Structure formats: C-alpha cells, structure tokens
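Side chains are part of it too, since the values below use all heavy atoms of this structure and drop only hydrogens, waters and symmetry mates. The structure displayed is predicted, hence computed values, not measured ones.
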Amino acid sequence: MTAPGTHGVRLSIFTWAVYVFAVGIGLLLAPRRLLDLLDMDAPADSWARVAGVGLLVAAAYYLGAAIHRARWLYWYSVPVRILAAVGLSLLAIREEVWQLWLFAAAEIAGAGWTFVALRWRPQPPPLEPTASG
C-alpha cells in the first residue's frame with residue numbers, strides 16, 4: 001500500500017523510467033532506426049549505443065526509486081532533469097539540431113510533473129549517518 005499522496009509522484013517517476021528505458025533500448029539495439037524516426041543523422045561510431053547503455057542504467061535507478069519510494073531521488077531528479085534540459089537546449093543551439101529541443105521538452109515536462117506531484121509534500125530531511133556495528 002502506498003503512503004497517502006505518493007501515487008502521483010511514483011507514477012511520474014515510473015513513467016519517466018519507461019521513457020528513459022525506451023530511448024535507451026532504441027539507442028542500444030537500433031540507433032539508426034530510432035534516429036531515422038527523428039530525422040537525425042546516425043553516428044558512424046558506437047557512441048549512440050554507449051548512450052543507450054547509460055540511459056538503461058538511469059532507467060533502472062528511476063524504476064528502483066519508484067518501486068522503493070525513494071522520495072529523496074524524486075526531489076533530486078527535478079533539478080537534474082532541468083539541468084539536462086538546459087544542456088540539451090545549448091546543444092540544440094550550438095549544433096543546430098532542432099530535434100534536441102524535443103528531448104529538452106520531455107525533460108522539462110517530466111521534471112514539471114514530478115515537481116507538481118511533490119509540491120504539497122515536504123522535502124525529506126537529509127540522511128543521517130548510522131553507527132556501524
């Protein structure tokens with residue numbers, strides 16, 4: 001059973017895990033096909049697949065956070081995803097790749113959903129060190 005008021009937050013994080021997993025698996029298994037769908041040039045080397053592996057790792061963290069109600073990660077994911085959107089936006093401008101704006105928009109939308117779901121719940125206290133026995 002979930003704690004009152006946590007369903008929306010967990011759903012936002014779980015949904016984000018599914019999105020990150022889908023992009024990661026696409027980049028890992030079929031980068032050319034995924035990037036063709038977005039009308040983007042596929043790299044000639046393996047960097048798209050490396051990015052796919054990184055995204056799969058991130059998806060595992062988000063899934064674990066949703067399953068185990070890791071509220072601290074919900075809170076920290078919001079500014080991190082906003083920073084990711086800023087980085088993607090800067091790349092979109094510098095590299096003149098408009099499709100990166102789509103990924104930046106997804107980051108902002110996901111961070112916004114999580115933030116709205118969290119805003120009525122107080123931020124958790126910092127973790128206290130425990131005595132090792």
Exercise. Write down the atom of G8, the atom of A117, and the distance for their closest heavy-atom approach.
Key: C-CB, 3.8 Å
Quiz prompt | Interatomic spacing from OH in Y62 to CZ in F14 - rounded to 0.5 Å | solution = 15.0 Å
Quiz item: Is L27 close to R49 at the side-chain level, that is, under 4.5 Å between some pair of heavy atoms?
Solution: no
Quiz item: Is the shortest heavy-atom distance from the side chain of E107 to the side chain of I82 under 4.5 Å?
Solution: no
Quiz item: Does V9 belong to the same Ile/Leu/Val/Met/Phe/Trp/Tyr cluster as L63, with side-chain heavy atoms less than 4.5 Å apart forming each link?
Solution: no
Self-check item: L35, D36, L34 screened by side-chain contact (heavy atoms from CB on, under 4.5 Å) with R32, the one that passes
Solution: D36
Self-check item: Shared-cluster residues of L56, by chain and number - hydrophobic side chains joined below 4.5 Å
Solution: F21, I25, L28, L29, V53
Quiz item: In terms of hydrophobic clustering (I, L, V, M, F, W, Y; side-chain heavy atoms under 4.5 Å; direct or indirect links), are V18 and V23 co-clustered?
Solution: no
Self-check item: Distance in Å, L90 CG paired with E95 CD, rounded so as to fall on 0.5 Å steps
Solution: 11.0 Å
Quiz item: Does the R10 side chain pair with the main chain of A66, one donor and one acceptor, at a distance under 3.5 Å?
Solution: yes
Quiz item: So, does R81 use its side chain to make a donor-acceptor pair with the main chain of G110 at under 3.5 Å?
Solution: yes
Quiz item: Quick one: do I67 and L73 end up in the same hydrophobic cluster if we chain Ile, Leu, Val, Met, Phe, Trp and Tyr together by side-chain heavy atoms under 4.5 Å apart?
Solution: no
Quiz item: Is there a path of hydrophobic side-chain contacts, each under 4.5 Å between heavy atoms of I, L, V, M, F, W or Y residues, that connects I93 with V86?
Solution: no
Practice problem: Give a yes or no on this: more than 12 heavy atoms of other residues, nucleotides or ligands lie within 6.0 Å of atom CG of D45. | Solution: yes
Practice problem: Evaluate whether atom OH of Y61 has more than 12 neighbouring non-hydrogen atoms of other residues, nucleotides or ligands under 6.0 angstrom away. | Solution: no
For residues 98-106, run the donor-acceptor check on the side chains, cut-off 3.5 Å, and write out each pair with its distance to 0.1 Å, sequence neighbours left out.
residue, atom, partner, partner atom, Å
Q99, NE2, L38, O, 2.9
Q99, NE2, D39, O, 2.8

Quiz prompt | Transitive ILVMFWY side-chain link L55 to V80, under 4.5 Å | solution = no
Self-check item: With S12 via side chain to side chain donor-acceptor pair (under 3.5 Å) - residues at least two apart
Solution: T114
